[in-house]
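The structure appears right after this line, and notes come after that.
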Amino acid sequence: GEVFSLFGQEFRKIFPRRHDYKTALMLQHPEAKLVKLITVETLILLRDEEGVRHILKDNYRNYSKAEPTKLFFPRIFREFMGNGIFALGHASATEHSAWLAQRKTASNIFTMRNFRTLMQTTFTDHGRTMLQDIEKERSGTADHRVDMQELLFSFTMRSALAILFGLDDADSAKHREMGRLFDETHSSLMNYMFSGASQMLLMSLLMPFPFTPLTVESAVGFTTDIHKLFSAAGRRFRRSMTAMDSACYELVRDRRQRFLQQRKQEEEEAAAVAAEAQAAEGLGAADDNQDESEEAVKEARRRLRTSDVLAMWLRADPTISDRDLRDITMNMIIAGRDTTACALTWGIFMLCQNPDVQEELYREINSTLGDKAPTLNVLQDMPYLNGVVYEILRLYPPVPEDSKRCVQDDVICGYKIPKGALVSFLPYAMARDPARYPEPLKCKPERWIPFKAPSQFDFPVFQAGPRICLGMQMAIFEMKVALVLLLQAYSFALVPGEAEKITYTVNITMSLTNGDNQLLVIPTPRPPASSE
(Lines give C-alpha, C1' and ligand atoms only; values in the text may rest on other atoms or scores of the structure.)
Protein backbone atom coordinates (compact mmCIF):
# COMPACT_ATOMS: atom_id res chain seq x y z
CA GLY A 1 0.00 0.00 0.00
CA GLU A 2 0.95 3.66 -0.43
CA VAL A 3 1.02 6.22 2.41
CA PHE A 4 0.14 9.94 2.14
CA SER A 5 -0.23 12.70 4.74
CA LEU A 6 -2.58 15.67 4.61
CA PHE A 7 -3.05 18.25 7.37
CA GLY A 8 -4.20 21.78 8.16
CA GLN A 9 -4.66 24.24 5.31
CA GLU A 10 -3.83 21.61 2.72
CA PHE A 11 -6.60 19.33 4.01
CA ARG A 12 -9.14 22.18 4.07
CA LYS A 13 -8.10 23.21 0.56
CA ILE A 14 -8.78 19.82 -1.02
CA PHE A 15 -11.85 18.95 1.04
CA PRO A 16 -14.46 20.38 -1.37
CA ARG A 17 -12.95 18.14 -4.08
CA ARG A 18 -12.03 15.28 -1.77
CA HIS A 19 -13.53 12.49 -3.94
CA ASP A 20 -11.46 13.56 -6.94
CA TYR A 21 -8.35 13.94 -4.74
CA LYS A 22 -8.71 10.40 -3.42
CA THR A 23 -9.42 9.11 -6.92
CA ALA A 24 -6.21 10.71 -8.18
CA LEU A 25 -4.20 9.15 -5.34
CA MET A 26 -5.50 5.71 -6.17
CA LEU A 27 -5.01 6.09 -9.92
CA GLN A 28 -1.42 7.25 -9.43
CA HIS A 29 -0.66 3.85 -7.86
CA PRO A 30 -2.70 1.28 -9.82
CA GLU A 31 -0.66 -1.58 -8.37
CA ALA A 32 -1.61 -0.74 -4.77
CA LYS A 33 -4.58 -2.64 -3.34
CA LEU A 34 -5.08 -0.01 -0.68
CA VAL A 35 -3.90 3.52 0.11
CA LYS A 36 -3.24 4.89 3.59
CA LEU A 37 -4.14 8.57 3.98
CA ILE A 38 -3.11 10.26 7.23
CA THR A 39 -5.20 13.36 8.11
CA VAL A 40 -6.68 14.03 11.55
CA GLU A 41 -6.73 10.23 11.75
CA THR A 42 -5.55 7.34 9.56
CA LEU A 43 -7.82 6.38 6.66
CA ILE A 44 -7.40 3.11 4.77
CA LEU A 45 -8.77 3.54 1.24
CA LEU A 46 -9.73 0.34 -0.57
CA ARG A 47 -9.65 0.07 -4.35
CA ASP A 48 -9.64 -3.71 -4.71
CA GLU A 49 -12.66 -6.02 -4.96
CA GLU A 50 -11.00 -8.43 -2.53
CA GLY A 51 -10.72 -5.74 0.15
CA VAL A 52 -14.31 -4.58 -0.31
CA ARG A 53 -15.52 -8.18 -0.06
CA HIS A 54 -13.54 -8.62 3.16
CA ILE A 55 -15.12 -5.70 5.04
CA LEU A 56 -18.64 -6.06 3.62
CA LYS A 57 -18.99 -9.85 3.72
CA ASP A 58 -16.15 -12.11 4.86
CA ASN A 59 -15.45 -10.26 8.13
CA TYR A 60 -18.22 -7.64 8.17
CA ARG A 61 -18.88 -7.92 11.92
CA ASN A 62 -15.35 -6.54 12.46
CA TYR A 63 -16.12 -3.36 10.47
CA SER A 64 -18.76 -1.27 12.12
CA LYS A 65 -20.07 2.23 12.64
CA ALA A 66 -18.00 4.05 15.27
CA GLU A 67 -19.60 4.02 18.72
CA PRO A 68 -21.49 7.30 19.31
CA THR A 69 -20.16 7.51 22.88
CA LYS A 70 -16.55 7.73 21.72
CA LEU A 71 -16.35 10.20 18.84
CA PHE A 72 -17.89 13.58 17.93
CA PHE A 73 -19.01 12.78 14.37
CA PRO A 74 -20.82 9.52 15.23
CA ARG A 75 -22.52 11.14 18.22
CA ILE A 76 -23.96 14.00 16.14
CA PHE A 77 -24.87 11.63 13.31
CA ARG A 78 -26.70 9.38 15.80
CA GLU A 79 -28.71 12.37 17.04
CA PHE A 80 -29.92 12.87 13.48
CA MET A 81 -30.50 9.23 12.49
CA GLY A 82 -31.41 7.77 15.88
CA ASN A 83 -31.27 4.01 16.36
CA GLY A 84 -32.15 3.30 12.76
CA ILE A 85 -30.75 0.73 10.38
CA PHE A 86 -28.04 3.05 8.98
CA ALA A 87 -26.77 4.20 12.36
CA LEU A 88 -26.63 0.88 14.19
CA GLY A 89 -23.28 -0.88 14.37
CA HIS A 90 -22.13 -4.49 14.55
CA ALA A 91 -19.56 -4.33 17.34
CA SER A 92 -22.31 -4.37 19.97
CA ALA A 93 -24.36 -7.58 20.10
CA THR A 94 -27.41 -5.55 21.11
CA GLU A 95 -27.10 -3.16 18.17
CA HIS A 96 -26.35 -5.97 15.74
CA SER A 97 -29.51 -7.82 16.83
CA ALA A 98 -31.56 -4.64 16.43
CA TRP A 99 -30.02 -4.11 12.97
CA LEU A 100 -30.94 -7.65 11.90
CA ALA A 101 -34.50 -7.24 13.21
CA GLN A 102 -34.97 -3.95 11.34
CA ARG A 103 -33.67 -5.44 8.09
CA LYS A 104 -35.98 -8.44 8.45
CA THR A 105 -39.06 -6.26 8.97
CA ALA A 106 -38.07 -3.73 6.27
CA SER A 107 -37.55 -6.50 3.71
CA ASN A 108 -41.29 -7.25 3.77
CA ILE A 109 -42.05 -4.03 1.86
CA PHE A 110 -39.97 -5.08 -1.16
CA THR A 111 -42.31 -7.73 -2.56
CA MET A 112 -43.19 -8.16 -6.22
CA ARG A 113 -46.82 -7.44 -5.33
CA ASN A 114 -45.80 -4.06 -3.87
CA PHE A 115 -43.63 -3.29 -6.88
CA ARG A 116 -46.58 -3.87 -9.22
CA THR A 117 -49.13 -2.01 -7.09
CA LEU A 118 -47.98 0.39 -4.38
CA MET A 119 -44.65 1.45 -5.91
CA GLN A 120 -45.69 1.54 -9.55
CA THR A 121 -48.76 3.65 -8.75
CA THR A 122 -46.85 5.89 -6.33
CA PHE A 123 -43.95 6.65 -8.69
CA THR A 124 -46.21 7.22 -11.70
CA ASP A 125 -48.70 9.44 -9.87
CA HIS A 126 -46.06 11.58 -8.20
CA GLY A 127 -44.04 11.66 -11.42
CA ARG A 128 -47.02 13.20 -13.18
CA THR A 129 -47.33 15.74 -10.37
CA MET A 130 -43.67 16.59 -10.99
CA LEU A 131 -44.44 17.23 -14.68
CA GLN A 132 -47.18 19.66 -13.64
CA ASP A 133 -44.69 21.39 -11.31
CA ILE A 134 -42.16 21.68 -14.15
CA GLU A 135 -44.75 23.31 -16.40
CA LYS A 136 -45.77 25.79 -13.68
CA GLU A 137 -42.17 26.72 -12.93
CA ARG A 138 -41.03 27.05 -16.56
CA SER A 139 -44.02 29.24 -17.44
CA GLY A 140 -43.05 31.65 -14.67
CA THR A 141 -39.55 32.47 -15.95
CA ALA A 142 -38.49 34.43 -19.01
CA ASP A 143 -36.15 31.75 -20.39
CA HIS A 144 -38.30 28.85 -19.04
CA ARG A 145 -35.57 27.69 -16.65
CA VAL A 146 -36.38 25.33 -13.76
CA ASP A 147 -34.40 23.96 -10.83
CA MET A 148 -34.50 20.23 -11.49
CA GLN A 149 -32.75 19.37 -8.23
CA GLU A 150 -35.52 20.94 -6.17
CA LEU A 151 -38.20 19.29 -8.32
CA LEU A 152 -36.59 15.85 -8.11
CA PHE A 153 -36.06 16.08 -4.36
CA SER A 154 -39.73 17.05 -4.04
CA PHE A 155 -40.77 14.10 -6.25
CA THR A 156 -38.78 11.58 -4.23
CA MET A 157 -39.98 13.05 -0.91
CA ARG A 158 -43.61 12.72 -1.98
CA SER A 159 -42.96 9.14 -3.08
CA ALA A 160 -41.08 8.29 0.13
CA LEU A 161 -43.82 9.71 2.37
CA ALA A 162 -46.47 7.82 0.41
CA ILE A 163 -44.59 4.55 0.92
CA LEU A 164 -43.69 5.38 4.54
CA PHE A 165 -46.95 6.88 5.80
CA GLY A 166 -49.56 6.23 3.12
CA LEU A 167 -49.77 9.98 2.34
CA ASP A 168 -51.08 11.06 -1.06
CA ASP A 169 -51.14 14.28 -3.11
CA ALA A 170 -53.89 15.65 -0.88
CA ASP A 171 -51.17 15.92 1.78
CA SER A 172 -48.91 18.10 -0.41
CA ALA A 173 -48.41 20.68 2.37
CA LYS A 174 -47.03 17.93 4.64
CA HIS A 175 -44.75 16.73 1.81
CA ARG A 176 -43.28 20.20 1.31
CA GLU A 177 -42.87 20.94 5.01
CA MET A 178 -41.23 17.61 5.83
CA GLY A 179 -38.92 17.96 2.82
CA ARG A 180 -37.93 21.49 3.82
CA LEU A 181 -37.26 20.55 7.46
CA PHE A 182 -35.35 17.39 6.57
CA ASP A 183 -33.10 19.21 4.06
CA GLU A 184 -32.50 22.08 6.48
CA THR A 185 -31.53 19.66 9.25
CA HIS A 186 -29.30 17.62 6.93
CA SER A 187 -27.51 20.81 5.82
CA SER A 188 -27.11 22.13 9.38
CA LEU A 189 -25.85 18.72 10.52
CA MET A 190 -23.06 18.68 7.94
CA ASN A 191 -22.17 22.31 8.59
CA TYR A 192 -21.97 21.67 12.32
CA MET A 193 -19.99 18.45 11.96
CA PHE A 194 -17.29 20.02 9.80
CA SER A 195 -17.18 23.50 11.27
CA GLY A 196 -17.21 22.17 14.81
CA ALA A 197 -14.65 19.39 14.50
CA SER A 198 -11.51 21.43 15.11
CA GLN A 199 -13.19 23.46 17.89
CA MET A 200 -14.30 20.25 19.59
CA LEU A 201 -10.78 18.84 19.49
CA LEU A 202 -9.42 22.06 21.00
CA MET A 203 -12.06 22.05 23.75
CA SER A 204 -11.29 18.43 24.56
CA LEU A 205 -7.66 19.37 25.15
CA LEU A 206 -8.21 22.59 27.13
CA MET A 207 -11.21 21.75 29.33
CA PRO A 208 -10.21 20.09 32.62
CA PHE A 209 -11.35 16.69 33.82
CA PRO A 210 -14.16 15.73 34.58
CA PHE A 211 -15.77 18.06 32.00
CA THR A 212 -14.03 16.15 29.23
CA PRO A 213 -12.65 12.60 29.02
CA LEU A 214 -8.91 12.06 29.24
CA THR A 215 -8.29 11.23 25.57
CA VAL A 216 -8.86 13.17 22.35
CA GLU A 217 -10.57 10.11 20.86
CA SER A 218 -13.19 10.34 23.59
CA ALA A 219 -13.93 14.03 23.03
CA VAL A 220 -17.65 13.84 23.72
CA GLY A 221 -19.91 14.29 26.70
CA PHE A 222 -20.06 17.75 28.20
CA THR A 223 -17.81 19.23 25.51
CA THR A 224 -20.29 18.31 22.78
CA ASP A 225 -23.25 19.66 24.69
CA ILE A 226 -21.48 22.89 25.62
CA HIS A 227 -20.22 23.42 22.08
CA LYS A 228 -23.68 22.79 20.65
CA LEU A 229 -25.15 25.31 23.07
CA PHE A 230 -22.73 28.17 22.41
CA SER A 231 -21.61 27.77 18.77
CA ALA A 232 -23.76 29.31 16.03
CA ALA A 233 -23.62 26.10 13.95
CA GLY A 234 -24.55 24.02 16.98
CA ARG A 235 -27.54 26.20 17.82
CA ARG A 236 -28.76 26.07 14.23
CA PHE A 237 -28.47 22.29 14.20
CA ARG A 238 -30.36 22.04 17.51
CA ARG A 239 -33.18 24.30 16.26
CA SER A 240 -33.45 22.38 12.98
CA MET A 241 -33.54 19.04 14.79
CA THR A 242 -36.29 20.24 17.12
CA ALA A 243 -38.48 21.48 14.24
CA MET A 244 -37.92 18.36 12.14
CA ASP A 245 -38.60 16.01 15.05
CA SER A 246 -41.81 17.86 15.85
CA ALA A 247 -43.09 17.42 12.28
CA CYS A 248 -41.98 13.79 12.14
CA TYR A 249 -43.63 12.88 15.44
CA GLU A 250 -46.85 14.49 14.21
CA LEU A 251 -46.77 12.26 11.12
CA VAL A 252 -46.00 9.19 13.26
CA ARG A 253 -48.86 9.88 15.70
CA ASP A 254 -51.26 10.52 12.81
CA ARG A 255 -50.24 7.25 11.14
CA ARG A 256 -50.66 5.31 14.38
CA GLN A 257 -54.16 6.73 14.83
CA ARG A 258 -55.12 5.87 11.26
CA PHE A 259 -53.68 2.38 11.75
CA LEU A 260 -55.82 1.80 14.84
CA GLN A 261 -58.91 2.99 13.00
CA GLN A 262 -58.12 0.77 10.02
CA ARG A 263 -57.52 -2.24 12.25
CA LYS A 264 -60.85 -1.67 13.99
CA GLN A 265 -62.59 -1.41 10.61
CA GLU A 266 -60.81 -4.54 9.45
CA GLU A 267 -61.96 -6.48 12.50
CA GLU A 268 -65.55 -5.25 12.16
CA GLU A 269 -65.73 -6.20 8.47
CA ALA A 270 -64.14 -9.59 9.08
CA ALA A 271 -66.60 -10.23 11.93
CA ALA A 272 -69.53 -9.29 9.66
CA VAL A 273 -68.33 -11.68 6.96
CA ALA A 274 -67.86 -14.42 9.56
CA ALA A 275 -71.37 -13.84 10.91
CA GLU A 276 -72.78 -14.16 7.39
CA ALA A 277 -70.87 -17.40 6.97
CA GLN A 278 -72.22 -18.76 10.26
CA ALA A 279 -75.76 -17.84 9.26
CA ALA A 280 -75.31 -19.58 5.92
CA GLU A 281 -74.01 -22.67 7.72
CA GLY A 282 -77.08 -22.64 9.99
CA LEU A 283 -79.26 -22.74 6.90
CA GLY A 284 -77.55 -25.94 5.81
CA ALA A 285 -75.02 -24.48 3.38
CA ALA A 286 -72.54 -26.91 1.92
CA ASP A 287 -68.96 -27.25 3.06
CA ASP A 288 -67.90 -25.47 -0.15
CA ASN A 289 -69.77 -22.38 1.05
CA GLN A 290 -67.91 -22.55 4.35
CA ASP A 291 -64.57 -22.63 2.53
CA GLU A 292 -65.67 -19.66 0.41
CA SER A 293 -66.73 -17.77 3.53
CA GLU A 294 -63.39 -18.34 5.23
CA GLU A 295 -61.67 -17.05 2.12
CA ALA A 296 -63.99 -14.01 2.16
CA VAL A 297 -62.89 -13.25 5.72
CA LYS A 298 -59.24 -13.41 4.66
CA GLU A 299 -59.93 -11.20 1.63
CA ALA A 300 -61.69 -8.63 3.83
CA ARG A 301 -58.59 -8.44 5.99
CA ARG A 302 -56.26 -8.21 2.98
CA ARG A 303 -58.34 -5.42 1.42
CA LEU A 304 -58.08 -3.20 4.48
CA ARG A 305 -54.45 -4.02 5.18
CA THR A 306 -52.34 -1.08 4.03
CA SER A 307 -48.88 -1.64 2.56
CA ASP A 308 -46.99 1.44 3.76
CA VAL A 309 -43.89 0.95 5.89
CA LEU A 310 -45.17 2.29 9.20
CA ALA A 311 -48.36 0.21 8.98
CA MET A 312 -46.15 -2.83 8.39
CA TRP A 313 -44.08 -2.03 11.49
CA LEU A 314 -47.20 -1.42 13.58
CA ARG A 315 -48.61 -4.78 12.50
CA ALA A 316 -45.36 -6.50 13.44
CA ASP A 317 -45.26 -4.74 16.84
CA PRO A 318 -48.30 -2.63 17.89
CA THR A 319 -46.39 -1.51 21.00
CA ILE A 320 -43.48 0.01 19.06
CA SER A 321 -42.67 3.48 20.41
CA ASP A 322 -43.08 6.78 18.57
CA ARG A 323 -39.32 7.29 19.00
CA ASP A 324 -38.52 4.03 17.21
CA LEU A 325 -40.92 4.92 14.39
CA ARG A 326 -39.28 8.36 14.15
CA ASP A 327 -35.85 6.72 13.79
CA ILE A 328 -37.14 4.30 11.15
CA THR A 329 -38.61 7.26 9.26
CA MET A 330 -35.35 9.26 9.27
CA ASN A 331 -33.36 6.29 8.00
CA MET A 332 -35.88 5.42 5.30
CA ILE A 333 -36.02 9.02 4.07
CA ILE A 334 -32.26 9.34 3.65
CA ALA A 335 -32.10 5.89 2.04
CA GLY A 336 -35.24 5.97 -0.06
CA ARG A 337 -35.48 9.66 -0.88
CA ASP A 338 -32.10 11.41 -0.77
CA THR A 339 -30.08 8.77 -2.60
CA THR A 340 -32.54 8.46 -5.50
CA ALA A 341 -33.02 12.23 -5.74
CA CYS A 342 -29.24 12.73 -5.95
CA ALA A 343 -28.89 10.04 -8.63
CA LEU A 344 -31.74 11.48 -10.71
CA THR A 345 -30.37 15.03 -10.44
CA TRP A 346 -26.94 13.91 -11.62
CA GLY A 347 -28.71 11.85 -14.28
CA ILE A 348 -30.41 14.92 -15.78
CA PHE A 349 -27.06 16.73 -15.67
CA MET A 350 -25.42 13.77 -17.45
CA LEU A 351 -28.11 13.71 -20.16
CA CYS A 352 -27.75 17.47 -20.68
CA GLN A 353 -24.00 17.02 -21.09
CA ASN A 354 -24.54 14.15 -23.52
CA PRO A 355 -27.44 15.16 -25.81
CA ASP A 356 -26.79 12.20 -28.12
CA VAL A 357 -27.39 9.84 -25.20
CA GLN A 358 -30.51 11.79 -24.24
CA GLU A 359 -31.94 11.48 -27.75
CA GLU A 360 -31.06 7.78 -28.05
CA LEU A 361 -32.84 7.18 -24.75
CA TYR A 362 -35.87 9.11 -26.00
CA ARG A 363 -35.96 7.00 -29.17
CA GLU A 364 -36.10 3.82 -27.11
CA ILE A 365 -38.82 5.29 -24.87
CA ASN A 366 -40.84 6.49 -27.86
CA SER A 367 -40.58 3.22 -29.79
CA THR A 368 -41.36 1.09 -26.71
CA LEU A 369 -43.99 3.14 -24.91
CA GLY A 370 -45.04 6.12 -26.99
CA ASP A 371 -47.15 8.19 -24.59
CA LYS A 372 -48.17 5.21 -22.43
CA ALA A 373 -47.28 5.08 -18.74
CA PRO A 374 -44.25 2.96 -17.81
CA THR A 375 -44.90 -0.36 -16.11
CA LEU A 376 -42.55 -2.75 -14.35
CA ASN A 377 -42.79 -5.38 -17.08
CA VAL A 378 -42.08 -2.95 -19.93
CA LEU A 379 -39.22 -1.20 -18.12
CA GLN A 380 -37.45 -4.53 -17.66
CA ASP A 381 -37.32 -4.80 -21.46
CA MET A 382 -35.58 -1.47 -22.20
CA PRO A 383 -31.81 -2.13 -22.38
CA TYR A 384 -30.69 1.42 -23.20
CA LEU A 385 -32.67 2.87 -20.29
CA ASN A 386 -31.07 0.29 -18.00
CA GLY A 387 -27.63 1.25 -19.38
CA VAL A 388 -28.31 4.95 -18.73
CA VAL A 389 -29.34 4.21 -15.13
CA TYR A 390 -26.19 2.16 -14.49
CA GLU A 391 -23.98 4.86 -16.01
CA ILE A 392 -25.60 7.42 -13.67
CA LEU A 393 -24.95 5.17 -10.67
CA ARG A 394 -21.38 4.46 -11.83
CA LEU A 395 -20.34 8.05 -12.51
CA TYR A 396 -22.35 9.69 -9.71
CA PRO A 397 -22.87 7.19 -6.88
CA PRO A 398 -25.22 8.72 -4.26
CA VAL A 399 -22.82 7.60 -1.51
CA PRO A 400 -19.39 8.12 -3.10
CA GLU A 401 -17.43 6.90 -0.07
CA ASP A 402 -18.40 4.72 2.88
CA SER A 403 -16.30 4.14 5.98
CA LYS A 404 -16.25 1.47 8.68
CA ARG A 405 -14.32 1.34 11.94
CA CYS A 406 -12.07 -1.70 12.46
CA VAL A 407 -13.15 -3.34 15.75
CA GLN A 408 -10.17 -5.71 16.22
CA ASP A 409 -6.76 -5.99 14.52
CA ASP A 410 -7.15 -7.55 11.09
CA VAL A 411 -5.41 -8.20 7.76
CA ILE A 412 -6.75 -6.97 4.38
CA CYS A 413 -5.05 -7.97 1.13
CA GLY A 414 -1.94 -8.89 3.12
CA TYR A 415 -1.75 -5.57 5.01
CA LYS A 416 -2.20 -5.24 8.77
CA ILE A 417 -5.18 -3.11 9.81
CA PRO A 418 -4.96 -1.90 13.42
CA LYS A 419 -7.93 -1.79 15.76
CA GLY A 420 -9.71 1.56 15.50
CA ALA A 421 -8.56 2.33 11.93
CA LEU A 422 -11.12 3.90 9.60
CA VAL A 423 -11.45 1.76 6.46
CA SER A 424 -13.22 3.20 3.42
CA PHE A 425 -14.36 1.86 0.08
CA LEU A 426 -14.87 4.40 -2.70
CA PRO A 427 -17.45 3.68 -5.42
CA TYR A 428 -16.67 7.11 -6.95
CA ALA A 429 -12.97 6.30 -7.36
CA MET A 430 -13.52 2.69 -8.42
CA ALA A 431 -15.80 3.90 -11.24
CA ARG A 432 -13.00 6.08 -12.63
CA ASP A 433 -10.47 3.26 -12.90
CA PRO A 434 -9.65 2.65 -16.61
CA ALA A 435 -8.71 -0.93 -15.78
CA ARG A 436 -12.35 -1.50 -14.84
CA TYR A 437 -14.04 0.81 -17.34
CA PRO A 438 -12.30 1.85 -20.57
CA GLU A 439 -12.72 5.61 -21.08
CA PRO A 440 -14.15 5.83 -17.55
CA LEU A 441 -15.15 9.51 -17.67
CA LYS A 442 -17.29 9.03 -20.78
CA CYS A 443 -21.00 8.35 -20.51
CA LYS A 444 -21.43 5.08 -22.45
CA PRO A 445 -24.71 3.28 -21.67
CA GLU A 446 -23.78 0.66 -24.25
CA ARG A 447 -21.11 -0.68 -21.88
CA TRP A 448 -24.05 -2.28 -19.99
CA ILE A 449 -25.60 -3.89 -23.10
CA PRO A 450 -26.18 -6.82 -23.05
CA PHE A 451 -26.62 -6.46 -19.33
CA LYS A 452 -24.58 -8.54 -16.94
CA ALA A 453 -25.06 -7.59 -13.30
CA PRO A 454 -21.72 -6.36 -11.90
CA SER A 455 -20.18 -7.92 -8.83
CA GLN A 456 -21.53 -6.22 -5.69
CA PHE A 457 -17.95 -5.88 -4.46
CA ASP A 458 -16.60 -4.34 -7.67
CA PHE A 459 -19.63 -2.03 -7.98
CA PRO A 460 -20.52 -1.34 -4.32
CA VAL A 461 -22.93 1.53 -5.07
CA PHE A 462 -25.59 -0.28 -3.01
CA GLN A 463 -23.08 -1.73 -0.53
CA ALA A 464 -22.79 -5.54 -0.66
CA GLY A 465 -23.01 -8.80 1.26
CA PRO A 466 -25.17 -8.79 4.42
CA ARG A 467 -25.30 -4.98 4.16
CA ILE A 468 -26.66 -4.91 0.59
CA CYS A 469 -29.25 -2.16 0.20
CA LEU A 470 -32.74 -3.65 0.58
CA GLY A 471 -34.19 -0.89 -1.60
CA MET A 472 -31.79 -1.32 -4.54
CA GLN A 473 -34.41 -2.58 -6.99
CA MET A 474 -36.94 0.00 -5.78
CA ALA A 475 -34.44 2.82 -6.39
CA ILE A 476 -33.66 1.57 -9.90
CA PHE A 477 -37.38 1.21 -10.63
CA GLU A 478 -38.12 4.75 -9.37
CA MET A 479 -35.26 6.17 -11.47
CA LYS A 480 -36.54 4.44 -14.59
CA VAL A 481 -40.14 5.61 -14.08
CA ALA A 482 -39.00 9.20 -13.49
CA LEU A 483 -36.65 9.29 -16.50
CA VAL A 484 -39.31 7.85 -18.82
CA LEU A 485 -41.97 10.34 -17.70
CA LEU A 486 -39.54 13.28 -17.96
CA LEU A 487 -38.26 12.40 -21.44
CA GLN A 488 -41.71 11.60 -22.76
CA ALA A 489 -42.66 15.20 -21.96
CA TYR A 490 -39.45 17.25 -22.43
CA SER A 491 -35.96 17.48 -23.79
CA PHE A 492 -33.49 19.08 -21.39
CA ALA A 493 -30.55 21.47 -21.76
CA LEU A 494 -28.46 23.25 -19.14
CA VAL A 495 -28.92 26.99 -18.71
CA PRO A 496 -25.91 28.58 -20.51
CA GLY A 497 -22.92 28.95 -18.21
CA GLU A 498 -24.13 26.37 -15.67
CA ALA A 499 -21.96 23.40 -16.63
CA GLU A 500 -18.71 24.86 -15.30
CA LYS A 501 -20.34 25.70 -11.95
CA ILE A 502 -21.48 22.19 -11.13
CA THR A 503 -19.76 20.23 -8.37
CA TYR A 504 -20.77 18.05 -5.42
CA THR A 505 -21.72 19.03 -1.89
CA VAL A 506 -20.35 17.87 1.47
CA ASN A 507 -23.60 16.14 2.49
CA ILE A 508 -23.96 12.51 3.56
CA THR A 509 -25.33 11.82 0.08
CA MET A 510 -23.68 13.35 -2.99
CA SER A 511 -26.11 16.05 -4.04
CA LEU A 512 -25.19 18.54 -6.73
CA THR A 513 -24.56 22.26 -6.44
CA ASN A 514 -23.92 25.23 -8.71
CA GLY A 515 -23.06 27.32 -5.65
CA ASP A 516 -26.74 27.66 -4.75
CA ASN A 517 -27.63 23.93 -4.56
CA GLN A 518 -29.45 24.09 -7.90
CA LEU A 519 -29.47 22.34 -11.25
CA LEU A 520 -30.81 24.97 -13.63
CA VAL A 521 -32.07 23.53 -16.90
CA ILE A 522 -34.39 24.55 -19.72
CA PRO A 523 -37.03 21.89 -20.46
CA THR A 524 -38.47 22.06 -23.97
CA PRO A 525 -41.85 20.34 -24.47
CA ARG A 526 -41.80 17.48 -26.95
CA PRO A 527 -44.54 17.05 -29.57
CA PRO A 528 -46.91 14.10 -29.04
CA ALA A 529 -45.18 10.79 -29.68
CA SER A 530 -47.53 9.90 -32.53
CA SER A 531 -46.40 12.94 -34.58
CA GLU A 532 -42.74 11.97 -34.62
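For reference, positions follow the sequence shown, starting with 1. Because the structure is a prediction, the values reported are computed rather than measured.
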Any [X] side-chain heavy atom under 4.5 Å of [Y] side chain:
X	Y	answer
His96	Trp99	yes
Ile44	Leu422	no
Leu46	Lys33	no
Met330	Cys248	yes
Ser187	Arg236	yes
Met81	Asp327	no
Trp313	Leu325	yes
Leu385	Pro445	no

Out of curiosity, [X] [atom1] to [Y] [atom2], how far, rounded to the nearest 0.5 Å?
X	Y	atom1	atom2	result
Met157	Met178	CE	CE	6.0 Å
Leu379	Ile476	CG	CD1	12.0 Å
Ser188	Ile76	OG	CD1	10.5 Å
Ile328	Gln102	CD1	CD	5.5 Å
Met244	Thr242	CE	OG1	9.5 Å
Leu470	Arg103	CG	CZ	4.0 Å

- Pair Lys65-Asp402, salt bridge (charged side-chain N to carboxylate O under 4.0 Å, His left out): steps then yes or no: CA-CA 10 Å; Lys65 297 283 193 303; Asp402 200 342; 5.3 Å; no
- Message: Quick check with a 6.0 Å cut-off and a 45 degree axis cone: is Arg432 positioned over the face of Tyr428's six-membered ring?
- Response: yes
- Message: Cation-pi check for Tyr437 against Arg394: NZ or CZ below 6.0 Å from the six-membered ring centre and within 45 degrees of the axis, yes or no?
- Response: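 So Arg394 does make the cation-pi contact.
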Smallest separation among heavy atoms of [X] and [Y], with atom names:
X	Y	value
Ala106	Met312	CA-CE, 4.1 Å
Thr340	Ala475	OG1-CB, 3.8 Å
Ala343	Leu393	CB-CD2, 4.2 Å
Pro466	Leu56	CD-O, 3.1 Å
Pro427	Pro460	CG-O, 3.8 Å
Gly51	Cys413	N-SG, 3.7 Å

What orientation do [X] and [Y] show, parallel under 30°, tilted 30 to 60°, or perpendicular over 60°?
X	Y	result
Trp346	Tyr396	parallel
Trp448	Phe459	perpendicular
Tyr504	His19	tilted

- Item | Neighbour count above 12 (heavy atom, 6.0 Å) for Glu250 CD |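 Count not over threshold, so no.
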- Is it true that atom NZ of Lys444 has more than 12 heavy atoms of other residues, nucleotides or ligands lying nearer than 6.0 Å? yes
Regarding [X] and [Y], is there a side-chain donor-to-acceptor distance under 3.5 Å anywhere?
X	Y	result
Ser240	Thr185	no
His90	Arg405	no
Asn507	Thr509	no
Thr503	Arg17	yes
Thr505	Thr513	no
Arg78	Asn83	yes
Asn514	Glu498	yes
Lys404	Asn62	no

For the pair [X] (side chain) and [Y] (backbone), establish whether a donor and an acceptor sit closer than 3.5 Å, ignoring hydrogens and angles.
X	Y	value
Gln149	Leu519	no
Gln456	Gly465	yes
Arg447	Pro438	yes
Arg255	Phe165	yes
His186	Ile334	no
Gln120	Leu376	yes
Arg53	Phe457	no
Asn331	Phe86	yes
Glu95	Leu88	no
Thr156	Leu152	yes

- Message: Assess the residue pair Glu184 and Phe237 against the criterion (side chain to side chain contact (heavy atoms under 4.5 Å, CB included)); give the C-alpha distance rounded to whole Å, side-chain angles, the decisive distance to 0.1 Å, and a yes or no.
- Response: CA-CA 9 Å; Glu184 185 177 295; Phe237 171 61; over 6 Å; no
- Applying side chain to side chain donor-acceptor pair (under 3.5 Å) between Asp410 and each of Lys419, His54, Lys416, report the one that passes. His54
- Show the numbers, then the answer: is there a side chain to side chain contact (heavy atoms under 4.5 Å, CB included) between Asp48 and Leu34? CA-CA 7 Å; Asp48 188 79; Leu34 57 83; over 6 Å; no
- Message: Checking Tyr249 against Asp245 for the side chain to side chain contact (heavy atoms under 4.5 Å, CB included) test, could you report, in this order, the C-alpha distance in whole Å, the side-chain angles of both residues, the deciding distance, and whether it holds?
- Response: CA-CA 6 Å; Tyr249 278 121; Asp245 278 350; 4.2 Å; yes
- Item | Worked check of side chain to side chain contact (heavy atoms under 4.5 Å, CB included) between Ile163 and Met119 | CA-CA 7 Å; Ile163 291 170; Met119 294 176 193; 4.2 Å; yes
- Message: Could you work out, with salt bridge (Lys or Arg N to Asp or Glu O under 4.0 Å) as the rule, every residue matching Asp324, not counting sequence neighbours?
- Response: none
- Task: Please report the C-alpha distance between Ser154 and Arg158 in whole Å, then the side-chain angles of each, then the deciding distance to 0.1 Å, and finally whether the side-chain hydrogen bond (donor to acceptor under 3.5 Å, both in side chains) criterion is met.
- Result: CA-CA 6 Å; Ser154 179; Arg158 284 193 294 256; 3.1 Å; yes
- Do the ring centers of Phe80 and Tyr192 come within less than 6.0 Å of each other? no
